[in-house]
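Before any comments, here is the structure.
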Amino acid sequence: MDALKPLTLQDKLGILADAAKYDVACTSSGADRKNGRTGMGNAHAAGICHSFAGDGRCISLLKILLSNDCVFDCKYCINRRSNDVPRATFTPAEICQLTMEFYRRNYIEGLFLSSGVVDNPDHTMELMCETLRLLREKHHFYGYIHVKAIPGASPALIEAAGYYADRMSCNLELPTGEGLAKLAPQKSRKKILAPMRQIQDQITANKNEVVVFRHAPRFVPAGQSTQMIIGATGESDLQIMQVSESLYKKFALKRVFYSAYVSVNQDRDLPALTQEPPLLREHRLYQADWLLRFYGFTAEQLLDEKRPNFNTVLDPKCDWAVRHLEHFPVEINRADYYTLLKVPGIGVHSARRICRARKCSALRFEDLRKMGVVLKRAMYFITCSGRMMYPVRWSEDSMTRYLTDAGERLPSGLRDGGQTWRQLSLFDDFHVTAPPSSEDGIKALTGQL
């Protein structure tokens, strides 16, 4: 690209869409916004993401940076000031043009807007607020918008953006303050947490206002999320889960996203450029995150100082079960709902079905299969009317071996369509008995299941 030639809109789109690919916190759910027949687009609480990349990331939002021209020099970031990369900055009008044209062509159903820090946080946040204002007020765009809050920006600008956006997020960047001081010394944990606290406080205040005044404008109706990079620094999985648990409790976040570090910069404080992204670790953290949010587990239950990292062979729930055999077997016809949730292979929906169905008659193993229980895991930890499906050797090592070859032990009539054992997947976790539809994918990735 000729450095002296002005960048076209297409050039900017290529640079700034590519620069946004490392930000994974782009889920969309939880907001209803209707256009009242005076504008374009709607946002639906069930989620607008209906197309996914091979790695599971949403591709139906226009996901771009306002600018990759950043004043910070974070060691892990491809857009850091010291990197010699093509730089570009959209104007608010250009982002509006792209969003509206892409929407009219049915390429997208919403906008995910982040940015490097141009000049200073206030200037960057002003540009983002102006973009959102133009979309909502001039172009009457009522589709989904997720915008990043820039740490260090004035509270007034954060508030203004919150009344235009459906969801906001402020990236934690790294799990601990020590890691942030090492790799991004120009940033501070205090400045990152400040907008998160402001957004949460204003969400709470706005909900109370809406109760009193039904037509009051909504502030960040889909809530807020955050993202942390995994693998760039040396935190254990226990430390990461403790941070996530604290964020959920203190800030009522909708999601914490975990981004496996991709080696893009050469630095003595970073992993080698040849190191592969820790994708399995990222996967285990997401599985554990579901357990924190929906299954009543705590970080200290899943991991401890003696075993601070997740098992690479078993998913976190199975790993917890084989290390705590004193809680099993669980009698299906008597155990309470929260005890059932601790059983591998039983999820939120199947536990509810069990509690309802056993009021009518005693449940058998074949009944559980019809309810969506994944018997190839659950059968080692449950009894039906005091009877186990198979006699098993009650030890951690034996249970681990059983779980890694569970499919072969099921009677042919109870096997999951003849499939052999495989690791816990997003859909197994919620026990979808039929092949997942596109709607199932939307709900699973956006937290609706």
**Q.** Ala351: side chain to side chain contact (heavy atoms under 4.5 Å, CB included) partners, not counting sequence neighbours
**A.** Tyr337, Leu340, Leu341, Ile346
Q. Taking side chain as C-beta onward, heavy atoms only, is Ile192 less than 4.5 Å from Cys170?
A. yes
Q) Asp304 and Arg307: salt bridge (Lys or Arg N to Asp or Glu O under 4.0 Å), yes or no, with the steps? A) CA-CA 5 Å; Asp304 54 43; Arg307 196 178 296 196; 6.0 Å; no
Q) Would Glu331 and Asn333 satisfy side-chain hydrogen bond (donor to acceptor under 3.5 Å, both in side chains), going step by step from the backbone distance to the final call? A) CA-CA 6 Å; Glu331 171 53 47; Asn333 289 293; 3.1 Å; yes
Q. Does the side-chain contact (heavy atoms from CB on, under 4.5 Å) test come out yes or no for Thr274 and Ser263, once each step is laid out?
A. CA-CA 7 Å; Thr274 55; Ser263 296; over 6 Å; no
Q: Grab the two heavy atoms, one from Gly223 and one from Ile203, that are nearest each other, plus how far apart they are.
A: CA-CD1, 4.0 Å
Q: Look up atom CG in Leu302 and atom CG in Asn311, then write down how far apart they are to the nearest 0.5 Å.
A: 12.5 Å
Q: With sequence neighbours left out, write down each residue that passes side chain to side chain donor-acceptor pair (under 3.5 Å) with Asp289, or none if nothing qualifies.
A: Tyr248, Tyr258, Arg293
Q) Under 3.5 Å, is there a donor-acceptor pair between the side chain of Asp237 and the main chain of Leu285? A) no
**Q.** Donor-acceptor contact below 3.5 Å, side chain Ser350 vs main chain Gly347
**A.** yes
Q) Looking at Ile199 and Ala149, what are the two nearest heavy atoms and their distance? A) CD1-CB, 4.2 Å
Q.
With heavy-atom distances below 4.5 Å as the criterion, would you say the side chains of Arg281 and Ile240 are in contact?
A. yes
(Q) One pair to check against salt bridge (Lys or Arg N to Asp or Glu O under 4.0 Å): Arg104 and Glu101. What are the steps and the verdict? (A) CA-CA 5 Å; Arg104 290 188 180 102; Glu101 292 299 328; 3.4 Å; yes
Q: To the nearest 0.5 angstrom, please state how far the CG atom of Asn265 sits from the SG atom of Cys77.
A: 7.5 Å
Q) Measuring from Ile108:CD1 to Lys63:NZ, what's the distance to the nearest 0.5 Å? A) 14.0 Å
**Q.** Arg358 side chain to Ile332 backbone, donor-acceptor under 3.5 Å
**A.** yes
Q: Considering non-hydrogen atoms only, spot the tightest contact between Leu325 and Ser395 and give its length.
A: CD1-C, 3.7 Å
Q: Could you give me the CA-CA distance, side-chain angles and deciding distance for Leu65 and Ser114, then say whether side-chain contact (heavy atoms from CB on, under 4.5 Å) is met?
A: CA-CA 5 Å; Leu65 299 185; Ser114 185; 3.7 Å; yes
(Q) If you apply the rule side-chain contact (heavy atoms from CB on, under 4.5 Å), what do you find for Val343 with Phe328, and how did you get there? (A) CA-CA 8 Å; Val343 178; Phe328 302 100; 4.0 Å; yes
Q) With sequence neighbours excluded, what pairs up with Asp201 under the side chain to side chain donor-acceptor pair (under 3.5 Å) test? A) none
Q | Derivation and outcome, side-chain contact (heavy atoms from CB on, under 4.5 Å), residues Gln202 and Val220 | A | CA-CA 9 Å; Gln202 291 194 235; Val220 194; over 6 Å; no
(Q) Could you check whether any side-chain heavy atom of Ser154 comes within less than 4.5 Å of a side-chain heavy atom of Met125, counting everything from C-beta outward? (A) no
Q) Do the side chain of Asn68 and the main chain of Ala19 share a donor and acceptor less than 3.5 angstrom apart? A) no
Q) Per the ring pair (Phe, Tyr, Trp, His ring centres under 6.0 Å) rule, which among Tyr380, Trp394, Tyr390 passes with Tyr402? A) Tyr380
Q) So, do Gln301 and Leu291 sit near enough that their side-chain heavy atoms are less than 4.5 Å apart? A) no
Q. Going by heavy atoms in the side chains, are Lys187 and Cys74 under 4.5 Å from each other?
A. yes
Q | OG-CE distance between Ser115 and Met128, expressed to the nearest 0.5 angstrom | A | 5.5 Å
Q: Would you check if Glu173 and Leu180 make a side-chain contact, meaning some heavy-atom pair closer than 4.5 Å?
A: yes
Q. Can you tell me how far the CG atom of Leu270 sits from the CD atom of Gln275, to the nearest 0.5 Å?
A. 10.0 Å
(Q) Please verify the inter-ring angle class for Trp320 with Phe297; under 30° counts as parallel, over 60° as perpendicular, anything in between as tilted. (A) perpendicular
Q: Indicate yes or no for a side-chain donor-acceptor contact from Thr204 to the backbone of Gln200 under 3.5 Å, with no hydrogens or angles considered.
A: yes
Q) Looking at CG of Leu113 and CG of Leu61, how far apart are the two atoms once the value is rounded to the nearest 0.5 Å? A) 11.5 Å
Q.
In this structure, is the centre-to-centre distance between the rings of Tyr103 and Phe141 below 6.0 Å?
A. yes
Q. Is the backbone of Tyr164 close enough, under 3.5 Å, to the side chain of Arg133 for a donor and an acceptor to pair up by distance?
A. no
(Q) For Pro175, is there any backbone N or O sitting under 3.5 Å from a side-chain donor or acceptor partner on Glu235? (A) no
Q) For the residue pair His140 and Tyr142, does the interplanar ring angle fall in the parallel (under 30°), tilted (30 to 60°) or perpendicular (over 60°) class? A) parallel
Q.
Taking the side chain as everything from C-beta on, heavy atoms only, tell me whether Arg284 gets closer than 4.5 Å to Asp315.
A. yes
Q) Any side-chain heavy atom of Met371 within less than 4.5 Å of one from His349? A) no
